[in-house]
Amino acid sequence: MENLTMEQILFPNIDKTPADYEAMYPPRELPEGAKVTRFAPSPTGFLHFGSLFAAFIAAKTAGKDGVFYLRIEDTDKKREVENAVEGIVNGLKDFGIIPDEGAISDDAEIGAYGPYTQSRRTHIYKAFVKDLVAKGLAYPCFMTEEEIAGVRAMQEEQKVLPGIYGKYAKYRDITADEAKKRIDAGEEYVVRLKSPGKPDGRIKFKDEVKGKIEIQENILDIVLLKKDGTPTYHFAHAIDDHLMRTTHVTRGDEWLSSVPIHLQLFYVLGFKAPKYAHISPIMKEDAETHGKRKLSKRKDPEAAVSFYAEAGYPAGAVNEYLMTIANSNYEDWKRANKTETIDKFPFALNKTSKAGALFDIVKLHDISKTYISTLDTDTVYKAVTKWANEYDDELYRLIAEDADYAHRIFSIERGSKKPRKDIGKWSEVKDYISYFYDDLFDGKREIAENIAAEDAIEILTRYSKLYDPAGAPEDWFPQVQELAAELGFARSPKDYRNEPEKYKGHAGDVAGVIRAAVTGRLNTPDLFTIMQVLGAGKVQERITEAINILKG
Ligand code: GLU
């Protein structure tokens, strides 16, 4: 019998070579300087806000000229959840993040650089490991869990670097014959890298976010293929990002300390290393300790991306918020370019926070209020309808039933130079517009404290006769001022302030009583417009009801 080589023993069925794959996945033909980025989640069924942030950064880095793709890292089958890919794809889509290539569902994908799901790439990883084995750069390791634990205990005692390397790497120089005997005897093994690293070796690299970094090079014989033949994260990262022609690896900074391993892998594989950008996690101020901690899946509802969809934060607003945490100069830019969209902002990786931005829901809410205030009526109507269709049947029914009426409601004070910033999320809409619908209106009337009930009754009785639905908008307040003067109120707050003892209040208070009668609120958008939308019949009905309530 002929003597088999180590790579023939380990990979008898792998017939393709790295060169074959290089030819199958040639360098991309993109404009000079175009970047290729990816989002590479594990399909665990939960899209974390931090992951959305990572995807956002990757998508923005690729921009219009580049390619942004979605790769599914499913080598850890234990953590996998059914239909998780759809969850990820839709979760990103909710926020307008649509990859150019990659997985689009659990079993479909687009793009010429796939498969984009790691569990479907095993043959590719093996071809590269086979080549490393043939070159003497990787070897099978038969150490058992117990043996490894024994080595670790010893290393701890000797206070040396823990792990399998140098003299601790028992099978580093194993012969093909011995490997064959063990395999034939049914022993399990992993394939390890024969690390070329030196204990005194240092590596330097420039991280696009963190800046210049110098650290000890890798000396560990890290695992490339696990016992079941699947790759480790490290190895799959090197192969995939090379063959998919990633130029910029943007990922969480928990991977920063693995860069020496990764650069070494790129080196032994003969690949050009990509640029790295390690993103700091989004932080949160802990309610109890007031210290900073990572946004937590367990403690913070806002850690789940579904939180934003349920609350009804528009995708555009969440995107703007993500940009404020991604690039701190975004807000200044936005102030200077009020009417520009976020796509025009020159996003830069090196302006990303090194330390980790603090999550701030109040800020998101403010951004969202401003964002919603700039949307036109029909956009608001459609967005609220879509949201309500999913989360609020009653609201959906009401606004779908009479779309024209709902449009008129949403158009109030919209489109002006200084639009109102009242709505921060779609879940606030129902309460905000409740007085336009008898089904939602609670009927309560809050009259300002400084107005006596009999004065309020007088105001309403008189106004009910004066109210002219066909009147011009500019006439309505002078009419209220006239009424105010007749009933012993000042025409303006200024007159009232100058001689408070002379008056019961001022015209604003009179308008306030009418407002409270018609809407139940002390604060609303322009009351005349509201009355126009409600219609004369409804206005009179509300005034009569209010008078009756006041009379007790
Ligand atoms: N699957 C890895 C993770 O979820 C991806 C890291 C990377 O982007 O390379 O942490």
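All ligand and atom numbering here is 1-based and tracks the order in the structure. Because the structure is a prediction, the values reported are computed rather than measured.
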N/O of [X] under 3.5 Å from N/O of ligand 1, yes or no?
X      : result
Arg38  : yes
Ala40  : yes
Thr250 : no
Arg251 : no

To check your reading of the model: name the closest protein heavy atom to atom 7 (C) of ligand 1, its residue, and the distance in Å.
Tyr233 OH, 3.2 Å
To the nearest 0.1 Å, how far is atom 10 (O) of ligand 1 from its closest protein heavy atom, and which atom is that?
Trp255 NE1, 3.2 Å
May I ask you to say whether Glu178 pairs ionically with Arg182, meaning some side-chain N is under 4.0 Å from a carboxylate O?
yes
State, without any angle test, whether [X] and [Y] hold a side-chain donor-acceptor pair at a distance under 3.5 Å.
X      : Y      : value
Gln118 : His237 : no
Tyr233 : Asp76  : no
Glu428 : His365 : yes

Find all atoms of ligand 1 within a distance of less than 4.0 Å from any non-hydrogen atom belonging to Ser42, and give their numbers and elements.
1 (N)
Considering only heavy atoms of Glu73, which atoms of ligand 1 have at least one such atom less than 4.0 Å away?
1 (N), 2 (C), 5 (C)
Crowded around Lys430 NZ? As in, over 12 foreign heavy atoms under 6.0 Å?
yes
Take atom NZ of Lys292 as the centre, draw a 6.0 Å sphere, and report whether it contains more than 12 heavy atoms from other residues, nucleotides or ligands.
yes
